[in-house]
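One structure below.
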Amino acid sequence: MIKKVIVETTVALLLAACSSKETADITHQKIMEKGLDAVAENDFAKAEALFELSVEDNPKDETTKAYLKQVMLIRQANEDVGNDKEGEGLQALQKAKSYKKGSKVISAKADEQIKLLTPSKTKEVTYRKLFAEAESLAEKARYKDSNDKLTALLNEDLDNYRDIQQAAESLKDKNAAEIEKKAKEEQMAANKNSTVTQPTEKAYDPYEWAPGVKEEFEAELVKQQYADSVDTIRYEKSQLYNNQGFYTVYAQMDGVEMYVVTVNAKTGYYHG
């Protein structure tokens with residue numbers, strides 16, 4: 001209906017501007033010019049309607065058909081981008097730009113959109129490569145290294161890449177579960193192989209930090225700018241899970257103390 005209104009309105013204006021002596025060829029030429037004007041104004045729906053009208057009146061005109069196809073490709077590209085299919089959108093724009101017998105004006109418009117999309121596509125390639133590296137590390141049971149990659153990825157602005165964000169969050173949760181499982185198995189093995197506890201032996205404390213874990217965790221907080229310095233980090237006992245203690249972590253950022261994350265004292269895994 002919108003397309004019909006656009007066509008009828010434009011044609012009515014053209015006919016009103018033409019004298020009775022003007023030929024059909026002149027009317028056709030004016031419609032084509034109006035179509036290109038619409039392209040220049042980025043009104044591709046109007047341009048498509050006008051070129052369709054010209055094709056109907058001149059079905060053997062290959063140039064008009066080419067113009068129409070170019071505009072249809074640009075509109076398809078815009079729809080693809082709106083549906084988070086930037087790769088397909090770029091392909092459609094490339095076809096519109098290099099279409100045989102096409103308009104240089106329309107080709108230029110396609111090229112403008114290609115230049116706008118290319119940086120975004122480059123980001124997508126980078127993000128997918130980082131996720132693939134994290135997946136590869138997880139397959140090799142290097143779960144912590146995998147989560148380091150995923151943390152870096154999730155720190156990026158992924159609002160336009162929801163599929164990547166969801167996949168990264170899911171893999172990070174799986175890695176965390178494997179880290180927890182591995183820590184539990186190691187603890188069970190240690191208990192099984194340990195000698196009889198002597199009276200002076202220190203009792204197992206679920207909140208006691210595993211060797212090196214606290215230092216590595218605090219260094220990571222400062223590196224990620226979650227804390228002004230190690231000295232500003234404060235811990236409160238939070239909960240027990242699988243006989244492992246979790247701390248609620250507070251730290252000063254720009255001089256103001258606030259909640260940061262919750263951390264496992266045995267594995268160093270944190271979330272929040």
Side-chain angles (χ1 to χ4, degrees), residues 127 130-131 133-159 162 164-272:
Y127 296 156
L130 189 55
F131 178 73
E133 292 173 354
E135 271 191 319
S136 178
L137 288 168
E139 290 171 359
K140 298 174 183 176
R142 294 173 58 185
Y143 302 116
K144 187 179 184 304
D145 292 337
S146 176
N147 270 3
D148 288 343
K149 293 277 186 183
L150 294 171
T151 297
L153 175 58
L154 292 169
N155 283 337
E156 298 290 337
D157 182 1
L158 301 177
D159 287 345
R162 291 296 185 185
I164 300 176
Q165 182 180 31
Q166 291 173 1
E169 290 173 345
S170 177
L171 180 57
K172 191 171 184 180
D173 288 341
K174 290 179 182 178
N175 287 345
E178 291 294 337
I179 291 171
E180 295 277 1
K181 179 181 177 182
K182 184 178 180 180
K184 183 177 180 180
E185 291 174 348
E186 290 176 349
Q187 184 62 50
M188 291 177 64
N191 292 340
K192 182 178 180 180
N193 296 326
S194 63
T195 57
V196 178
T197 304
Q198 300 298 319
T200 57
E201 184 178 352
K202 186 177 180 181
Y204 174 77
D205 181 359
Y207 285 99
E208 182 179 2
W209 291 89
V213 170
K214 182 179 181 182
E215 292 77 11
E216 183 177 352
F217 167 70
E218 291 180 340
E220 179 70 10
L221 283 191
V222 175
K223 179 181 177 181
Q224 296 294 334
Q225 298 183 348
Y226 292 148
D228 292 342
S229 68
V230 172
D231 295 335
T232 69
I233 301 173
R234 181 170 63 84
Y235 301 90
E236 290 183 4
K237 291 181 179 180
S238 175
Q239 60 181 330
L240 289 175
Y241 181 74
N242 287 337
N243 203 29
Q244 296 177 15
F246 285 76
Y247 285 101
T248 299
V249 184
Y250 300 86
Q252 290 185 13
M253 287 185 277
D254 296 328
V256 179
E257 184 179 85
M258 59 184 68
Y259 164 76
V260 183
V261 294
T262 298
V263 62
N264 185 316
K266 301 301 182 184
T267 67
Y269 171 71
Y270 63 89
H271 61 86

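Because the structure is a prediction, the values reported are computed rather than measured. In this chain, residues are counted from 1 in sequence order.
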Exercise. Can you name the closest pair of heavy atoms from Y207 and A265 and give their distance?
Worked result: O-CB, 3.9 Å

Exercise. Just by modelled atom types, is the G268 backbone N or O under 3.5 Å from a matching donor or acceptor in the K214 side chain?
Worked result: no

Exercise. Tell me, which pairs form a salt bridge (Lys or Arg N to Asp or Glu O under 4.0 Å) where one or both residues lie in residues 238-249, sequence neighbours left out?
Worked result: none

Problem set entry | Non-neighbouring partners of E215 that pass salt bridge (Lys or Arg N to Asp or Glu O under 4.0 Å), sequence neighbours left out | none

Problem set entry | With S229 via side chain to side chain donor-acceptor pair (under 3.5 Å) - residues at least two apart | none

Seminar exercise, completed: Nearest heavy-atom contact between S238 and T248 is CB-OG1, 3.3 Å

Problem set entry | Test item: Q252 and M258 side chains (from C-beta on) under 4.5 Å apart, heavy atoms | no

Side chains of residues 167-179: which donor-acceptor partners sit under 3.5 Å, not counting sequence neighbours?
residue	atom	partner	partner atom	Å
K172	NZ	T151	OG1	3.1
N175	ND2	S146	OG	2.8
N175	ND2	N147	OD1	2.9

Problem set entry | Derivation and outcome, side-chain contact (heavy atoms from CB on, under 4.5 Å), residues F131 and L150 | CA-CA 7 Å; F131 178 73; L150 294 171; 3.9 Å; yes

Exercise. Does one side chain, of N264 or E180, offer a donor that lies under 3.5 Å from an acceptor on the other?
Worked result: yes

Seminar exercise, completed: For residues 208-231, the ring pair (Phe, Tyr, Trp, His ring centres under 6.0 Å) pairs (sequence neighbours left out) are W209-Y235, W209-Y247, F217-Y270

Problem set entry | Atom CD of Q239: over 12 foreign heavy atoms under 6.0 Å | yes

Exercise. What do you reckon, is OH of Y259 surrounded by more than 12 foreign heavy atoms closer than 6.0 Å?
Worked result: yes

Exercise. R142: what forms a salt bridge (Lys or Arg N to Asp or Glu O under 4.0 Å) with it, not counting sequence neighbours?
Worked result: D145

For this session: Indicate the atoms forming the closest heavy-atom contact of L240 with G245, along with that distance.
Result: CD2-CA, 3.7 Å

Seminar exercise, completed: Sorted by chain and residue number, the side chain to side chain contact (heavy atoms under 4.5 Å, CB included) partners of E186 (sequence neighbours excluded) come out as K182

Exercise. Which atom pair, heavy atoms only, marks the closest approach of Q244 to K266?
Worked result: CG-CG, 3.9 Å

For this session: Would you sort out whether D148 and L137 count as a side-chain contact (heavy atoms from CB on, under 4.5 Å), showing the intermediate values?
Result: CA-CA 10 Å; D148 288 343; L137 288 168; over 6 Å; no

Exercise. Of all residues at least two apart in sequence or in a different chain, which pass the side chain to side chain contact (heavy atoms under 4.5 Å, CB included) check with E156?
Worked result: Y127, L158

Exercise. Is atom CG of N155 surrounded by more than 12 heavy atoms (other residues, nucleotides or ligands) closer than 6.0 Å?
Worked result: yes

For this session: State which residues pass side chain to side chain contact (heavy atoms under 4.5 Å, CB included) with S136; sequence neighbours excluded, sorted by chain then number.
Result: K140

Seminar exercise, completed: salt bridge (Lys or Arg N to Asp or Glu O under 4.0 Å) filter on E236, not counting sequence neighbours, yields R234

Exercise. Do Q165 and R162 have side-chain heavy atoms sitting under 4.5 Å apart?
Worked result: yes

Exercise. With sequence neighbours left out, what residues match K149 under salt bridge (Lys or Arg N to Asp or Glu O under 4.0 Å)?
Worked result: E133

Problem set entry | Non-hydrogen atoms of G255 and D228 that approach each other most closely | N-OD2, 2.8 Å

Problem set entry | With E135 via side chain to side chain donor-acceptor pair (under 3.5 Å) - residues at least two apart | none

Exercise. Of Q224, E216, E218, which meets side chain to side chain contact (heavy atoms under 4.5 Å, CB included) against E220?
Worked result: Q224

